[in-house]
Amino acid sequence: MNLTQNLSDFIKSAPTAYHAVGAIAAKLKSEGATELDEKARWTLEPGKSYYVSRSGSSLIAFRMGRKNPAESGFMIQGAHTDSPALKARLEKLLSGKGMDRAPVEIYGGPILSTWLDRPLALAGRVIMKNQRGQAENRLVHTKMPIGVIPNLAIHLNRDINKGFEYNAQTHLPVLLSASGKTEAATVSGLQKLLSEQFQIAPDAILGSDLYFVDAQGPAILGPAPELINSYRLDDLLGCHAILEAFCSTDAAEHTQVACFLDNEEIGSRTAQGADSSFLRDILSRISALQDESPEDFYRALAASFSISVDVAQAYHSSYPEKFDEDYAPILNGGPAVKVNGNLKYATDGDAEAQFHLLCDTAGIPFQKFMSRADMVPGTTIGPLTSSITGIKTVDIGAPLLSMHSIRETAGILDHEYMVRVLKRAFAG
Ligand code: CO
């Protein structure tokens with residue numbers, strides 16, 4: 001199967017971070033990797049692959065090196081599984097005057113207007129009481145559109161094209177049905193829907209993390225075609241590139257580590273995010289199981305290198321004033337190394353040089369992203385994982401348009417370049 005089709009299928013299976021981790025785990029398992037539980041005792045063998053997930057939305061995979069980490073270090077690659085979204089408030093239904101609406105709250109920083117007037121599906125996880133009375137996680141994805149957030153007609157807001165501030169409490173509830181009744185319904189529309197579509201009794205639902213997501217899958221665009229347009233390219237592009245690179249590389253001297261971390265969009269400071277103990281816990285555990293001395297763990301960290309793979313602002317010809325043209329990556333020009341004087345990205349001169357060498361060896365072009373000197377760029381997981389582990393890190397990303405829109409646009413060729421350089425890095 002070609003890489004673009006493979007990417008498209010991966011995206012279809014990953015409408016939320018929970019689904020992304022499910023799809024990544026399934027692929028790793030099919031490639032022979034062994035699942036580990038953080039609560040169990042581990043035994044690790046050289047050359048073998050393993051993966052461990054935390055909270056159902058973050059996952060770290062690793063393949064043991066032929067040499068101990070103290071000798072050859074860890075080669076780490078990381079991306080994030082979450083994207084800006086609208087999270088459903090399950091229990092409540094706003095009902096009356098012919099409209100049944102499900103209230104939401106905003107997760108991360110979406111371009112809100114892009115969520116309106118689009119068919120939305122519901123996806124995420126439900127924690128339900130099973131027949132033995134225990135809590136059990138279940139992934140749900142309606143796939144079919146189940147709602148829409150209708151805009152106000154332009155006749156009632158003539159200035160809407162001058163910009164409109166949407167209020168999360170009042171403007172964003174999702175229209176689920178037209179009841180034709182003026183009085184309020186009693187059962188939440190979403191609970192009813194879950195019980196009908198997934199045979200989950202409303203009183204069996206103990207907890208949930210559900211999101212309204214784009215119901216339309218990825219589109220491959222252009223006459224060539226050279227572009228991909230989809231939900232969650234930030235950062236499923238990074239997740240998929242790392243997964244492909246990891247699965248298509250053999251064991252090397254160093255231990256290869258692939259991180260897929262949740263909660264980047266809200267600052268990563270959670271039990272399973274980049275600003276948590278997760279990565280360091282796994283690295284330290286791998287080291288401890290080699291009968292290494294405590295000192296050897298520090299030697300392993302010092303011998304390691306990390307690549308943080310997110311997306312980068314692609315040059316947008318309609319808004320030239322927003323870019324420093326000499327540091328604005330173009331679509332299909334190759335992955336961008338992301339640099340900032342105040343280290344919003346982890347990249348320093350040394351890390352940039354390492355990446356430069358990697359691209360040369362992989363035979364791919366690369367670009368450099370820096371924001372205008374009078375603007376502050378975003379940030380990503382690189383500065384967090386590097387400060388927690390002390391590992392030299394480069395921040396890179398595929399050029400992307402419309403970052404944080406419900407549908408973003410990227411170049412197909414950039415994804416191929418990205419997979420090639422990441423494979424090169426894992427191979428060593
Ligand atoms: Co991102």
Side-chain angles (χ1 to χ4, degrees), residues 7 10-11 14-21 24 57-59 76-87 106-112 114-115 211 213-214 218 228-243 258-270 272-276 278-279 306-314 316 328-329 331 335-340 343-347 367 369-371 375-386 393-411 414-415 418-419 422:
L7 167 67
F10 176 72
I11 292 172
T16 70
Y18 300 100
H19 290 82
V21 162
I24 291 164
S57 57
S58 286
L59 183 148
I76 302 167
Q77 299 181 10
H80 66 90
T81 55
D82 63 325
S83 305
L86 296 181
K87 186 166 190 188
I106 300 170
Y107 176 87
I111 303 178
L112 286 174
T114 63
W115 258 257
Y211 299 85
V213 298
D214 192 1
I228 179 166
N229 168 272
S230 172
Y231 60 80
R232 279 171 47 73
L233 289 179
D234 173 9
D235 185 22
L236 290 181
L237 281 175
C239 291
H240 184 257
I242 294 172
L243 184 65
C259 308
F260 308 93
L261 303 172
D262 195 9
N263 304 131
E264 189 271 348
E265 300 295 351
I266 53 163
S268 297
R269 192 134 212 204
T270 58
Q272 61 281 349
D275 196 6
S276 77
F278 193 23
L279 175 60
S306 173
I307 305 180
S308 153
V309 188
D310 204 342
V311 284
Q313 307 291 356
H316 195 320
L331 294 171
V337 56
K338 294 152 69 173
V339 181
N340 173 253
L343 295 171
K344 295 281 184 193
Y345 305 120
T347 319
Q367 314 182 70
F369 170 73
M370 289 204 280
S371 69
M375 287 172 80
V376 179
T379 185
T380 179
I381 61 172
L384 301 170
T385 54
S386 70
T393 301
V394 64
D395 266 305
I396 63 167
L400 182 86
L401 294 172
S402 316
M403 197 178 290
H404 293 192
S405 166
I406 196 168
R407 293 186 77 83
E408 300 159 323
T409 300
D414 287 326
H415 192 58
M418 185 66 90
V419 173
L422 296 181

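Please read these numbers as outputs of a predicted model, since none were measured by experiment. Counting convention: from 1, in listed order, for ligands and their atoms alike.
Coordination check, D235 versus the Co ion (ligand 1): failed, since every N/O/S atom of the residue sits at 2.8 Å or beyond.
Annotation: K87, atom NZ; neighbour count of heavy atoms from other residues, nucleotides and ligands within 6.0 Å is above 12.
Of the residues listed (Y107, Y18, Y211), the one engaging D82 in a side-chain contact (heavy atoms from CB on, under 4.5 Å) is Y107, and it is the only one.
The closest approach of D234 to the Co ion (ligand 1), by N/O/S atoms, is made by OD1. As for H80, its N/O/S atom nearest the Co ion (ligand 1) is the one called NE2.
Between L233 and V311 there is no side-chain heavy-atom pair separated by less than 4.5 Å.
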Output, in order, the C-alpha distance, side-chain angles, deciding distance and verdict of side chain to side chain contact (heavy atoms under 4.5 Å, CB included) for S308 and D395.
CA-CA 5 Å; S308 153; D395 266 305; 2.4 Å; yes
